[in-house]
Amino acid sequence: MVPRVPLPPEIQLAQRLAGNEQVTRDRAVKKLRKYIVARTQRAAGGFTHDELLKVWKGLFYCMWMQDKPLLQEELGRTISQLIHAFQTTEAQHLFLQTFWQTMNREWPGIDRLRLDKFYMLMRMVLNESLKALKTQGWQERHVEQLLELLTTEILHPDSQAPSGVKSHFLEIFLEELSKVGAAELTADQNLKFIDPFCTIAARTQDSLVLHNITRGIFEAIVEQAPFAIEDLMNELDAQEEEDGMSEDDEHEQDVLSKEPGSPHGAARDRSEELPGDGEDSVGPVLQFDYEAVASRLFVVASQQGTPSQNRKRLYKVIRKLQDLAEGLFPEDDVPEKAYRNLQEEGQERRTKKRPKSRSQKQPGKGGKEDSRPDPSSGSERRMRRRRRRGSGTEPTGPQEQLGGPGGRGARKKRRRLRAGARVKVAGCQELQTKQRPLQSRK
C-alpha cells in the first residue's frame, strides 16, 4: 500500500480556513498567525508567491463563509492585521501584492450580498498597510515601494483589476491616509503619496479611472482645503500659547479650571473636545501645498502624449488649486459637496412651486381645468380681501370670476376671437368686390 503524501502546510491551512464550521475557521486563523511569525523569523525562511496565493485563497473563503456584520468586522480586522506578523518589509509587500491579486481574481464571482464585507476588507487591509509604514517612520524608500505595488496591481492599464476594485480603492485611499498620517505627514510627503495618481490621470485612456481620480483625490483636496487651513491655524495658535505661557500662568489656569462653574473651566472643556465630535467636523485632514500640487499636475497635463479629454479635466482642477494657493476659497469657504447639496435643495423647492404658479396663470386651459385658484395660494387671499371691501356678493361659479385675476385670460381670448372674426369678414368683402366686375361684364 502506497503511503499517503502529506499536504504542504499552506494547503492544509487554506482548507481549514474555508471550512464550514466557524470554530474550525477561527482556530485556523490563529494557527496561521503563529505559522507566519515562526516561518518569517528564520533567515532562510519566508514565503513564496504561490504559497501566499494559496493562503489568501483560504482567507478569502474564510471571509466568504462569515455571517453577521459584527463578526465580519472582527474577522476582517484579524485578517488585515496579519501583515504585522511578517518580520521583513519584503514579506509584507509580498503579502499585500498577493491580496490584491486575489481580490482581482475573485471579484467577478462575488454576489451583491457579499460585496459590503469585501469592501470593508479592502479598506482594512489598506489601513493596516499604511500603519505599517507609520511604524517604519514613513521612510521614503518604503513609501515608494508601497505606491509602486498599489499602482501596478490596481491602477496600471495592464493590471487585471476590475472597475469595482479600482473605484473603491480611489474612493478610500485619501480617507485612510488621513486617518493614519494626518497628524504626522507634511505637505511634501503628502505630495509624494498623490504623485502616482497625477501620472495615471494624465496617461489613462479609461474615462472612469480619470473621473474617479479627479473626484476622489484632487477635488477631495479642494473640498477639504478650508478645514485643512483651519486645523493648521489652530495648531499654530496652540503652539504660540504654549510658548508664551509661563509656569505661573499655567498654575493659575489650572486653579481656575478646577473651580466648579468657572468660565475658564468651561472653555478648557470645550478646547479639549475631540476634533471629530462636532457636527460640522470632517475628521482629520491632510495638509497640502496647493501651488506645488497645481504645478505637478500642470507638468503631467501639458505633455504631448496627454489626451485632450484628460488635459481639459486636469486644467479645471489646476485652476481651483491655484485659487486656493492665492487664498480664494471655493464658494465662500464652503466645501463643494455641501454647497452642491444646498443648490439641489433650492432647485427642488423651486420646482415644487412652479406647477402651482402655472396653474394660476393658465386657468381653464382647453376647458378641462378648473379656473378657480388654489385656496392656499396668494390669489385666493387677495380675492377674499376684495370681497370683504366690495359689495359682499360672492361669485357662484368660475364664469362669474372673469373680473378677478383669473378672468383676464378669458377676456384676451374673446378679443382674439373678435379679431379673427374681423379678418374673416374682411376676407368675405374682398371676395364680393372681386365678383362684382364679373357680373358687370356679363
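The pair Asp111-Arg114 counts as a salt bridge, with a side-chain nitrogen and a carboxylate oxygen less than 4.0 angstrom apart. Between Arg215 and Glu223 there is a salt bridge, since a side-chain N of the basic residue sits under 4.0 Å from a carboxylate O of the acidic one.
Between Phe86 and Leu52 there is a side-chain heavy-atom pair separated by less than 4.5 Å.
Residues meeting the side-chain hydrogen bond (donor to acceptor under 3.5 Å, both in side chains) test with Arg77, sequence neighbours left out: Glu73. Residues meeting the ring pair (Phe, Tyr, Trp, His ring centres under 6.0 Å) test with His168, sequence neighbours left out: Tyr119. Considering only residues two or more places apart in sequence or on other chains, Lys166 meets the salt bridge (Lys or Arg N to Asp or Glu O under 4.0 Å) condition with none of them.
Applying the salt bridge (charged side-chain N to carboxylate O under 4.0 Å, His left out) test to every pair with at least one member in residues 168-177, sequence neighbours left out, gives these pairs: Arg123-Glu175, Arg123-Glu176, Glu176-Lys179.
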For residues 188-206, please give each side-chain donor-acceptor pair under 3.5 Å, one per line with the distance, not counting sequence neighbours.
residue : atom : partner : partner atom : Å
Gln189  : OE1  : Thr186  : N            : 3.1
Asn190  : ND2  : Thr186  : O            : 3.1
Asn190  : ND2  : Gln287  : O            : 2.6
Lys192  : NZ   : Glu140  : OE2          : 3.3
Asp195  : OD1  : Arg296  : NE           : 2.6
Asp195  : OD1  : Arg296  : NH2          : 3.2
Thr199  : OG1  : Asp195  : O            : 3.4
Thr204  : OG1  : Asp206  : N            : 3.1
Asp206  : OD1  : Leu208  : N            : 3.1

Determine all donor-acceptor pairs shorter than 3.5 Å in which one atom belongs to a side chain in residues 154-161; sequence neighbours excluded.
residue : atom : partner : partner atom : Å
His156  : ND1  : Asp158  : N            : 3.1
Ser159  : OG   : Ile154  : O            : 3.2
Ser159  : OG   : His156  : O            : 2.7

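Remark: the His84 side chain and the Gln81 side chain contain no N/O donor-acceptor pair separated by less than 3.5 Å.
In terms of heavy atoms, Gln66 sits closest to Gln72 at O-NE2, 3.2 Å.
Note: Phe118 and Trp64 have tilted aromatic rings, judged against thresholds of 30 and 60 degrees for the angle between ring planes.
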